[in-house]
Amino acid sequence: MPTSVHHIVEVAIPLPLEGSFHYHVPERLSQLAVAGKRVLVPFGRRKLTGYLLGDAAAAVGELKDILEVLDEEPLFTPSELEFYRWIATYYLHPLGEVIKMALPAGINLVSRYRCETAEDGTPVLREFLSGGKSVRIERFYLAVPESTARPRGKGFEILEFLAEAGESSAALLRSRFGNCSSQLNRLVALGAARLIEREVYRDPYRAERFSHDSPLPLNTDQSTAFSRISDAIASGVFAPFLLHGVTGSGKTEVYLQSIAVALTAGKSALVLVPEIALTPQLVGRFKSRFDCGIAVLHSGLSDGERFDEWRRIRRGEVAIVIGARSALFAPLKRLGVIVVDEEHEGSYKQSEGVRYNSRDLSLVRGKLASAVVVLGSATPLVTSYHAAQSGRLGYLQLPNRVRELPMPETAMLDARRHKGETFLRPLIDAIGENLDNGGQTLLFLNRRGFATYIVCQACGHVLRCPNCEVTLTYHRGKGRHVCHYCDYSIPAPSICPGCQGKEITLLGRGTERVEEEVQQLFPYARVARMDRDSTKGKGGHARVLKSLEDGSVDILIGTQMIAKGHDFPGVTLVGVVSADASLNLPDFRSSERTFQLVTQVMGRAGRGDKPGRVLVQTLAPDHYALVSAVEHDYQGFYAKEIAFREDVGYPPFAHLASLTISSVAPAQAESSAEEAAGVLRRIKRDCKLRVEILGPVTAPLGKVRGRFRWQILLKGRERSELHKLLFHFRTGYVHPSTVRLVIDVDPVEML
Ligand code: ADP
Ligand code: ZN
């Protein structure tokens with residue numbers, strides 16, 4: 001008997017399960033079952049979709065057969081799989097879930113061609129799609145040159161038109177000839193035209209027109225940075241850089257010209273930005289500069305649009321991808337350069353599911369692809385600056401603004417003796433003066449809503465969320481008190497729910513209240529607000545930014561949204577109404593975040609021909625984060641911050657991981673957390689690991705959405721030891737199904 005060679009494959013399943021699984025491939029599927037495709041497999045009593053990772057050597061025990069191969073073409077390449085495996089290991093997450101996250105949501109379809117008869121009886125060749133999000137299909141008519149048919153009337157006109165054009169979409173024909181389906185059917189029946197259905201891309205930017213621009217002559221600092229990046233691109237090896245340039249120093253121009261170098265060398269480019277809805281200007285600059293295919297990926301796309309962009313990239317029709325966090329997984333080939341703009345932004349970290357950080361992973365992807373990585377910021381993470389100082393990142397500096405524009409003139413306003421006032425006198429005067437001079441003003445405040453909480457003067461009752469351990473924020477526009485963590489809300493009460501007293505006071509202030517007060521102070525000013533509430537819906541951000549750009553707004557009040565890299569030459573005054581809330585968060589990064597935020601907001605001032613001015617109101621005028629920001633002194637801030645980090649053993653002097661254990665039952669949350677800590681301590685002892693285990697303690701947000709939360713923080717000097725501890729813990733600790741355990745490697749949010 002001939003020995004049949006068993007075809008065995010390794011499959012990853014997108015479920016919270018360790019490891020991958022082996023299956024046998026039946027003869028009929030053997031040709032089709034190749035790595036990168038999805039397969040339908042029996043799993044327990046279910047049938048599941050898994051990802052075929054590759055062939056496996058003979059396995060022990062009896063194997064089940066795979067039931068179906070679901071894709072015609074592989075969805076990922078071997079090198080992409082290597083990247084996914086790296087992520088799964090590093091973030092301690094099942095590979096199947098990592099792959100699922102990396103692929104676009106709209107991908108759940110099987111595609112085959114099939115000849116069908118359309119409703120009206122015409123035969124069509126159709127790309128057959130089943131399940132999930134389908135692609136958009138449009139009808140096209142093609143002229144058949146060898147046909148001798150000679151229709152009359154409208155049919156003749158259509159045929160003439162088709163013969164000229166070669167082909168035309170049904171939509172275009174309808175717009176030209178009115179309703180013409182009977183003529184078209186006749187042409188098809190006569191063999192004079194052919195009907196095909198073809199998938200088309202949904203392009204959210206299709207309607208927009210972009211003007212053309214050409215590269216600007218670089219100044220000396222830009223040239224130095226550019227030539228180091230372009231040399232690295234030319235040499236085709238992995239090279240990571242930190243591009244540290246003050247606000248308005250022309251970092252984007254350096255990105256653009258570096259990318260041009262990569263494109264000329266036949267390579268592609270990936271540009272990551274914190275939140276693309278906030279950066280329509282940046283997209284515009286790329287579209288004006290480059291003629292090549294550009295894909296724009298952001299959270300506002302529908303699944304279908306996202307899937308369309310993904311296919312364009314996969315097919316090599318795109319040379320540049322711009323997108324937020326998840327664009328890191330764009331399937332670009334021949335990657336030459338990855339740019340991470342505003343590398344310090346916390347939004348590069350995914351806070352649910354696979355808790356990856358795109359900024360960090362850009363370095364991993366860059367290394368795997370032998371590409372150049374440029375991390376750009378005016379306020380680099382202290383860990384990045386530290387890495388640059390120790391030579392792990394190449395350091396490129398743009399210390400001055402372009403065109404010799406000065407940094408804005410700044411001053412700190414001490415609010416300690418004026419607690420009840422929204423604006424101190426010098427800020428009111430400055431706004432008034434700026435209005436008179438026709439300048440635009442930005443007012444920054446890190447809280448949305450009207451008042452931060454309400455309190456009863458008689459009994460001290462404060463309105464709190466029943467699901468979360470936070471106070472409710474009053475939103476006057478909605479007339480409700482809202483929880484910013486779970487969206488719970490109640491109508492604003494007119495009497496105290498505690499004592500029925502009538503003296504309820506709104507304390508603290510949010511953007512709504514500041515907007516109202518500004519309007520009262522300056523009745524003739526055109527005032528607008530930009531925060532999560534005022535920009536709801538598609539294009540909400542772009543609308544507000546546009547009004548600033550075209551000068552139809554004098555004063556814009558906003559949250560950190562207004563701090564992002566916008567370039568508005570008309571802004572000559574920036575007022576920081578309050579930055580204290582972020583300074584007081586129980587998180588070791590609160591100083592760093594505040595410094596970054598205030599510096600970024602300040603950077604919006606004076607980017608045009610008129611000089612800018614900044615006033616910072618605060619209850620903490622001596623805090624080094626604010627003092628350094630106001631003095632434009634990154635090095636001064638860094639020196640203080642790095643000393644603090646070293647003192648208490650935080651990054652870059654230690655690697656962190658946090659464990660959050662939660663349950664709707666408070667006692668169960670606590671006992672599970674204790675148990676988890678016990679397991680960790682045992683592993684640490686047995687394996688002799690140098691990792692500090694802190695906690696368990698109740699999380700700073702002790703209750704969110706009805707779940708009680710406990711935290712354990714792990715600190716390790718050696719990353720390998722921290723990982724070893726987590727690895728053993730994950731396989732060794734079993735928790736009740738009602739308890740949720742989240743492991744966060746390199747946590748960014750400590751609440
Ligand atoms: P950053 O990203 O560092 O904040 P930008 O790249 O947005 O700065 O540049 C600020 C402004 O300066 C933009 O309007 C840009 O077109 C302009 N700019 C950049 N480089 C130059 C240059 N070399 N000469 C003149 N203008 C420049
Ligand atoms: Zn809540």
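Counting from 1, the numbers follow the sequence of the chain as shown.
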I'd like to know if the side chain of [X] reaches the main chain of [Y], judged simply by a donor and an acceptor atom lying under 3.5 Å from each other, with no hydrogens or angles considered.
X	Y	value
Y23	P42	yes
R38	Y51	no
R730	L92	yes
R645	P652	no
Y348	L272	yes
S370	G366	no
R365	L328	yes
K37	V69	no
T559	R447	no
Q350	E352	yes

[X] side chain near [Y] side chain, heavy-atom distance below 4.5 Å:
X	Y	answer
V39	V11	yes
D744	Y91	no
P26	I66	yes
P331	F329	no
Y488	V482	no
L53	S20	yes
V742	L659	no
E97	M101	no

Take atom CZ in R28; do more than 12 heavy atoms of anything else shown fall under 6.0 Å from it? yes

Residues, nucleotides or ligands: over 12 heavy atoms within 6.0 Å of K100 NZ: no

Which residue, K349, R355, R719, forms the salt bridge (charged side-chain N to carboxylate O under 4.0 Å, His left out) with D746? R719

As a test of understanding, state which of E80, E73, E309 forms a salt bridge (charged side-chain N to carboxylate O under 4.0 Å, His left out) with R314. E80

Could you list all the side-chain hydrogen bond (donor to acceptor under 3.5 Å, both in side chains) pairs where at least one residue sits in residues 673-696, not counting sequence neighbours? R690-E721

Is it the case that [X] and [Y] place a side-chain donor and acceptor less than 3.5 Å from each other?
X	Y	result
S351	E749	no
H7	S30	yes
Y395	H244	yes
E343	S377	no
Q596	T379	no
S384	R359	yes

Compute the ring centroids of [X] and [Y], then answer whether they are less than 6.0 Å apart.
X	Y	answer
Y90	Y356	no
F653	H386	yes
F588	F644	no
Y84	F76	yes

For [X] versus [Y], what's the shortest heavy-atom pair and its separation?
X	Y	answer
D341	P274	O-CD, 3.8 Å
L726	A657	CD1-CB, 3.8 Å
L368	E82	CD2-OE2, 3.5 Å
A232	A239	CB-CB, 3.8 Å
V237	V372	O-CG2, 4.1 Å
L67	V41	CD1-C, 4.2 Å

Salt-bridge criterion met for E646 and R717 (N-O under 4.0 Å): no

Rounded to the nearest 0.5 Å, how far does [atom2] of [Y] lie from [atom1] of [X]?
X	Y	atom1	atom2	value
I712	F729	CD1	CZ	6.5 Å
S663	W710	OG	CH2	12.0 Å
L75	I99	CG	CD1	9.5 Å
L701	Q711	CG	CD	9.0 Å
S658	L714	OG	CG	8.0 Å
N446	R593	CG	CZ	11.0 Å

Walk me through whether K333 and S268 qualify under side chain to side chain contact (heavy atoms under 4.5 Å, CB included). CA-CA 7 Å; K333 282 189 266 288; S268 61; 5.9 Å; no

After noting the C-alpha distance and the side-chain angles of L472 and R464, does the key distance pass the side chain to side chain contact (heavy atoms under 4.5 Å, CB included) rule? CA-CA 5 Å; L472 299 178; R464 285 177 194 281; 5.7 Å; no

Apply side chain to side chain contact (heavy atoms under 4.5 Å, CB included) to H723 and E718, showing your working. CA-CA 9 Å; H723 261 91; E718 295 297 325; over 6 Å; no

Under the side-chain contact (heavy atoms from CB on, under 4.5 Å) test against L270, which residue among I320, V339, V340, L335 passes? L335

I want to check a possible cation-pi pair here: K715 against Y650, using under 6.0 Å from ring centre and within 45° of the ring axis as the test. yes

How are the rings of F307 and W310 set relative to one another: parallel (under 30°), tilted (30 to 60°) or perpendicular (over 60°)? parallel

Could you please spell out the steps behind the side chain to side chain contact (heavy atoms under 4.5 Å, CB included) verdict for F241 and V373? CA-CA 6 Å; F241 292 102; V373 180; over 6 Å; no

